[in-house]
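Whatever order the structure lists ligands and atoms in, that order sets their numbers, starting from 1. Heavy atoms only: backbone and side chains are in, while hydrogens, waters and symmetry mates are out.
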Amino acid sequence: MATLKEVESEAGFDQLIKNASPSTLFVLYFHTPWAAPCAQMNTILTTLASTYPADADVSFLSINAEDLADISESYDVTAVPFLVLQKGGETLQTVSGIDPAKVRAAVEKYAGAGTAAGKNGIPPPLQATPLQQQPQTNGAGATKDLSSYVPKDSDPQTAPAYSSNQESQAELNDRLGKLVKAAPVMLFMKGTPSAPQCGFSRQLVSILRENQVKYGFFNILADNDVREGLKVFSDWPTFPQLYTNGELVGGLDIVREELEADPDFFKPFSAAQPAPV
Ligand SMILES: N[C@@H](CCC(=O)N[C@@H](CS)C(=O)NCC(=O)O)C(=O)O
């Protein structure tokens, strides 16, 4: 059966791509060791890979986005987890964040379905049950984003569907407490970095990009509990909200002020620096 292979070096990656047949589908999975959602994505992709035979024309590669910065830069990776589907040197599709159904649908679209037996081994969220559902947006592309979703349960597969009445206040606070620490820099925004749904969020994404900050993000339009809960939890009424090491920095205006006062504000979180552990 096919496996998810860790790419060890840029040279190794180049070699793999160069030697591949033009018909091989590459599933490039960018991750970092410190981003909690990547652990879930790892399980999802390992299971999905196992549904294909070893000689299938599909190659699942896991790439540490920080250690192999040249590769992640060449694929415009600004947040993890991030998936690129590529064939014959052409990017066919990207998937940002954890969305098991979307990941599986994307891979199957280009590689065909895996084996039925293997499919049965895919955790439930990969089949029908979404981890969260979101109200339909205006169709601008950010229909679902869970990139830095940390489930309230220890088992990611049993994370609750989006619903206001399923989660007590204490449970929500517990989830929010984990979410704000899901990555050293966490951005709670409207939409996704590639498709922001609000100008303030768009501007903050640009600032993070300019400063080469590696960050996790959460689309608050995907989860109204998080949207409303975070306003109370952090006593901050608007979005975007930026957190570093679990502490609220503020919204767009505050981030601008911080940067004005200290242009190196993001240096500890910059792609140029080793990731804090
Ligand atoms: N000046 C604010 C602007 C942010 C803002 O006003 N956001 C509004 C509109 S996008 C908001 O989040 N409102 C609450 C909501 O939509 O839930 C900042 O510095 O971040």
Identity and separation of the nearest protein heavy atom to atom 4 (C) of ligand 1: F239 O, 3.3 Å

query: Is the closest N or O pair between K190 and ligand 1 shorter than 3.5 Å?
result: yes

query: Between Q197 and R202, do the side chains contain an N or O donor and an N or O acceptor separated by less than 3.5 Å?
result: no

field: Contact with ligand 1 for P237, non-hydrogen, under 4.0 angstrom
entry: yes

- prompt: Given the rule in the side-chain contact (heavy atoms from CB on, under 4.5 Å) test, do L61 and F13 qualify, once you have shown the distances and angles that lead to the verdict?
  reply: CA-CA 9 Å; L61 301 180; F13 177 75; 4.1 Å; yes

Distance-only side-chain donor-acceptor flag, Y243 / S234, under 3.5 Å: yes

message: Below 4.0 Å from ligand 1: does a non-hydrogen atom of K231 turn up there or not?
response: yes

message: If I apply the N/O under 3.5 Å rule, does I254 come out as touching ligand 1?
response: no

field: Check: T238 N/O within less than 3.5 Å of ligand 1 N/O
entry: no

- request: Assess the pair Y75 and F30: is the distance between their ring centroids shorter than 6.0 Å?
  value: yes

field: The one among L204, L252, N224 that brings a heavy atom closest to atom 20 (O) of ligand 1
entry: L252

- prompt: Is it true that D174 and K178 make a salt bridge, defined as a side-chain N closer than 4.0 Å to a carboxylate O?
  reply: yes

- prompt: Can you list the ligand 1 atoms lying under 4.0 Å from a non-hydrogen atom of C198?
  reply: 10 (S)

message: Starting from atom 1 (N) of ligand 1, what is the nearest protein heavy atom, named by residue and atom, and what distance separates them?
response: D253 OD2, 3.0 Å

message: Checking S62 against E6: is there a side-chain donor and acceptor pair closer than 3.5 Å?
response: yes

query: Salt bridge check: are D57 and K87 linked by an N-O gap of less than 4.0 Å?
result: no

